[in-house]
Amino acid sequence: MSGKGGVATYADRGAELREGFRKQSGESGGTFGRRGERQQAHKAMHLTWLVSAALLGLAACVPIERPKEKQEAETPPEAPDTGLYYHRYLQEVINVLETDGHFREKLQAANAEDIKSGKLSKELDFVSHHVRTKLDELKRQEVSRLRMLLKAKMDATMEQNVQIDHLSLLKQFEHLDPQNQHTFEARDLELLIQAATKDLENYDAAHHEEFKRYEMMKEHERREYLKSLDEEKRQQEEAHFEELKKKHKEHPKVNVPGSRDQLKEVWQETDGLDPNEFNPKTFFKLHDTNSDGVLDEQELEALFTKELEKVYDPRNEEDDMLEMEEERLRMREHVMQNVDLNRDRLVTLDEFLKSTQKKEFNEVDGWKTVDETQIYSEAELGRRAEQLRQQHQELQQRQVELDAQKKEYQQVVLQMEQRKSQQQPGQVPNAGPGGELKFQAQPPHAAPADQPVPPESHPAAPEQNPQENHVEPPQNQQHPEVETQ
């Protein structure tokens, strides 16, 4: 249910809030609101266990085996950023390892346990010298990058010319071996897999938490907006809000993800096949789009499109597209929990067929959507509102301090300008009543001995008696003297 209150003003505010969350997530490298990157990150999690084609799921699943003609003609799209601070290093290591035929062959025969246990990492000793050389260079570049990051951080928080122990600081990074900073060894591959697996395992939890904050912020904004209205307009807004909620709930039944009814609907409407001839094995092969023998998370989420379209329409004011992405994630998690037996984030044909034998597969009850689920409690919303109030006060105090500093700087600049405008002795001659310049005699030490004495009168000076201001020529003296009669 969209958080837009009703009139154009509040509707615009709701749109701005959603756009703000999109931009915030995009700039911080976060996961919220970026479905493509979220799918790549889930594929990355699987691929960290299946290293290479399984470690980052290079795009909509790059097949392990491809005809050479297509490999030469097609350039696979660059995988979106997973949000890991070592994403580029991870991606480059995968790309290099994929070029080695021996390692790719071992990868195809390995399972998740072989990779997580480090067994596959030992195969690194048998890759070609050319590949090992490239991996060594990648590691040296990554160590250099981390050193630069550490130095920048130290420069910002410490005094200059402080000796930095890079070895100790590098130990905080878990995706490489800091003891060996020059060559890429089996231990580095093992640490890289473990680190990426650990970091991405919290991916979904982080997304849920981010969505929860978004929903609380949306409701807080709505309530604050209502407080700013008079009683009549407040009642109008409340009525319109309830109308939107009711309208959002007016949709066809949403089938439970992974149930017979849900899959048969895809079979009929997407695949164009007779629902009475539904066959789980054929269904699996139809939706294993890259023919790698498994359904990954992106292929699974594609199955939920029809169900999501029943509830969410980007043209409707009452439908929030960020809620739709949260719904998609919840559906995928539900299927994985019931079907993925070995928790490798992949669904094999055997796992899929076994799931069709469970009683849950024939479940006919509908699916509870996000708006029917309690995302947060009133107590949590109250705490969030208090946090926002404190942040607002801190920002106001900071603004007062900044305004005071600005005023102080303006005073300093004004004083400097006033000082510049004042006449300085020896720089600007005194002006007469009419603005004309007056002649000022120079002291004896002001001019060198070999410099001629200035003229008797300034061109701009008024007419004077020739006897006045007469300068006697120096006689038998080292330095001239100026006499005024």
Checking Arg132 against Glu185 for the salt bridge (Lys or Arg N to Asp or Glu O under 4.0 Å) test, could you report, in this order, the C-alpha distance in whole Å, the side-chain angles of both residues, the deciding distance, and whether it holds?
CA-CA 9 Å; Arg132 290 298 295 270; Glu185 305 295 341; 3.0 Å; yes
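- Residues Asp100 and Ser128 share a closest heavy-atom pair of OD1-N, 3.1 Å.
- Summarising the geometry, atom OG belonging to Ser144 is positioned 10.5 Å from atom CD belonging to Gln181; distances are rounded to the nearest 0.5 Å.
- Note on ring orientation: taking the six-membered ring where Trp is involved, the planes of His175 and Tyr86 are parallel (angle under 30°, cut-offs 30° and 60°).
- At a threshold of 4.5 Å between non-hydrogen side-chain atoms, the residues Glu317 and Leu244 count as touching.
- The aromatic rings of Phe211 and His207 lie parallel to each other, with less than 30° between the two planes, well short of the 60° mark.
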Output, in order, the C-alpha distance, side-chain angles, deciding distance and verdict of side chain to side chain contact (heavy atoms under 4.5 Å, CB included) for Arg223 and Leu381.
CA-CA 11 Å; Arg223 295 185 183 185; Leu381 182 59; 3.4 Å; yes
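- By the 30° and 60° cut-offs, the orientation of the rings of His334 relative to Trp367 is perpendicular.
- At distances below 3.5 Å, not a single donor-acceptor pair connects side-chain atoms of Glu174 with backbone N or O atoms of Ala195.
- Considering all non-hydrogen atoms of both residues, Glu265 and Asn255 come closest at OE1-ND2, 3.2 Å.
- Side-chain atoms of Arg260 do not come within 3.5 Å of backbone N or O of Phe361 as any donor-acceptor pair.
- Contact record, Met336 with Leu300: CE-CD1, 3.4 Å, taken as the closest heavy-atom pair.
- A donor-acceptor pair shorter than 3.5 Å cannot be found between the side chains of Gln91 and Arg88.
- Looking only at side-chain heavy atoms (C-beta outward), Leu303 and Val335 stay at 4.5 Å or farther from each other.
- In this structure, Glu326 CD and Ile375 CD1 are separated by 6.0 Å, a value rounded to the nearest 0.5 Å.
- Interatomic distance, CD of Gln194 versus CZ of Arg187, reported as 6.0 Å (0.5 Å rounding).
- Within the 4.5 Å cutoff, no side-chain heavy atoms of Asp188 are placed close to those of Leu192.
- Glu215 and Tyr376 share no donor-acceptor pair across their side chains, judged by distance under 3.5 Å alone.
- Ring pair Phe278/Trp267 is perpendicular by interplanar angle, where above 60° counts as perpendicular and below 30° as parallel.
- A salt bridge links Arg398 with Glu401: the distance from a Lys NZ or Arg NE/NH1/NH2 to an Asp or Glu carboxylate oxygen falls below 4.0 Å.
- For the pair Tyr89/Gln141, no side-chain contact is recorded, criterion being any heavy-atom separation below 4.5 Å from C-beta on.
- Contact of the Arg328 side chain with the Thr305 side chain is registered, since non-hydrogen atoms from C-beta on lie closer than 4.5 Å.
- Judged purely by atom type and a 3.5 angstrom limit, Asp288 uses its side chain to pair as donor or acceptor with the backbone of Asp292.
- Distance check, rounded to the nearest 0.5 Å: OH of Tyr409 to NZ of Lys406 gives 12.5 Å.
- Counting all heavy atoms, side chain and backbone alike, His287 lies closest to Leu295 at O-CD2, 3.4 Å.
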Before you tell me yes or no, could you show the steps for Glu333 and Arg330 under salt bridge (Lys or Arg N to Asp or Glu O under 4.0 Å), namely the whole-Å CA-CA distance, both residues' side-chain angles and the distance that decides it to 0.1 Å?
CA-CA 5 Å; Glu333 287 180 324; Arg330 292 173 66 242; over 6 Å; no
For salt bridge (Lys or Arg N to Asp or Glu O under 4.0 Å), just list the numbers for Lys227 and Glu224, CA-CA rounded to whole Å, side-chain angles, deciding distance to a tenth of an Å, and then say yes or no.
CA-CA 5 Å; Lys227 290 178 182 179; Glu224 291 298 313; 3.3 Å; yes
Side chain to side chain contact (heavy atoms under 4.5 Å, CB included) between Lys264 and Phe283, worked out
CA-CA 9 Å; Lys264 285 180 67 175; Phe283 182 92; over 6 Å; no
Lys354/Glu351 under salt bridge (Lys or Arg N to Asp or Glu O under 4.0 Å): CA gap, chis, key distance, verdict
CA-CA 5 Å; Lys354 285 182 179 179; Glu351 289 175 329; over 6 Å; no
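- Here the side chains of Leu329 and His208 are in contact, with some heavy-atom distance below 4.5 Å.
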Going through the distances and angles, do Gln391 and Gln387 end up as a side-chain hydrogen bond (donor to acceptor under 3.5 Å, both in side chains)?
CA-CA 6 Å; Gln391 292 175 4; Gln387 291 175 358; 5.3 Å; no
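- Across every non-hydrogen atom of Leu97 and Leu124, the tightest pair is CD2-CD1, 3.8 Å.
- When atom types are taken as modelled, the side chain of Lys122 and the backbone of Ala186 share no donor-acceptor pair closer than 3.5 angstrom.
- The environment of NZ in Lys247 is sparse: at most 12 heavy-atom neighbours from other residues, nucleotides or ligands sit within 6.0 Å.
- No option in Asp313, Asp320, Asn316, Asp319 other than Asp319 meets the side-chain hydrogen bond (donor to acceptor under 3.5 Å, both in side chains) test with His248.
- The CG atom of Asn362 sits 9.0 Å away from atom OG1 of Thr356, with the distance rounded to the nearest 0.5 Å.
- Between the Glu380 side chain and the Ser377 main chain, a donor and an acceptor come within less than 3.5 Å of each other.
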Full working for side-chain hydrogen bond (donor to acceptor under 3.5 Å, both in side chains) between Thr348 and Asp350:
CA-CA 5 Å; Thr348 63; Asp350 183 59; 5.2 Å; no
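- Lys218 places none of its side-chain heavy atoms less than 4.5 Å from the side chain of Leu322.
- The side-chain heavy atoms of Met217 and Leu388, taken from C-beta on, include a pair separated by under 4.5 Å.
- With a 6.0 Å cutoff to the six-membered ring centre and a 45° limit on the axis angle, Arg222 counts as a cation-pi contact of Phe241.
- Under the 3.5 Å distance criterion, the side-chain polar atoms of Gln262 are matched with a main-chain donor or acceptor of Gly258.
- Remark: His130 NE2 is loosely packed, at most 12 non-hydrogen atoms of other residues, nucleotides or ligands lying under 6.0 Å away.
- Closest approach of His182 to Arg140, counting heavy atoms only: O-NH1, 2.8 Å.
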Before you tell me yes or no, could you show the steps for Arg345 and Arg332 under side chain to side chain contact (heavy atoms under 4.5 Å, CB included), namely the whole-Å CA-CA distance, both residues' side-chain angles and the distance that decides it to 0.1 Å?
CA-CA 10 Å; Arg345 305 180 81 93; Arg332 192 253 302 154; 3.7 Å; yes
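- By the neighbour-count criterion of 12 heavy atoms within 6.0 Å, atom NZ of Lys139 is densely surrounded, having more than that number from other residues, nucleotides or ligands.
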Would Met331 and Glu307 satisfy side chain to side chain contact (heavy atoms under 4.5 Å, CB included), going step by step from the backbone distance to the final call?
CA-CA 10 Å; Met331 288 180 170; Glu307 301 302 320; 4.0 Å; yes
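- One finds the CG atom of Leu176 at 9.0 Å from the CZ atom of Phe184 (value rounded to the nearest 0.5 Å).
- Between the side chains of Glu299 and Thr289, a donor-acceptor pair is found at a separation under 3.5 Å.
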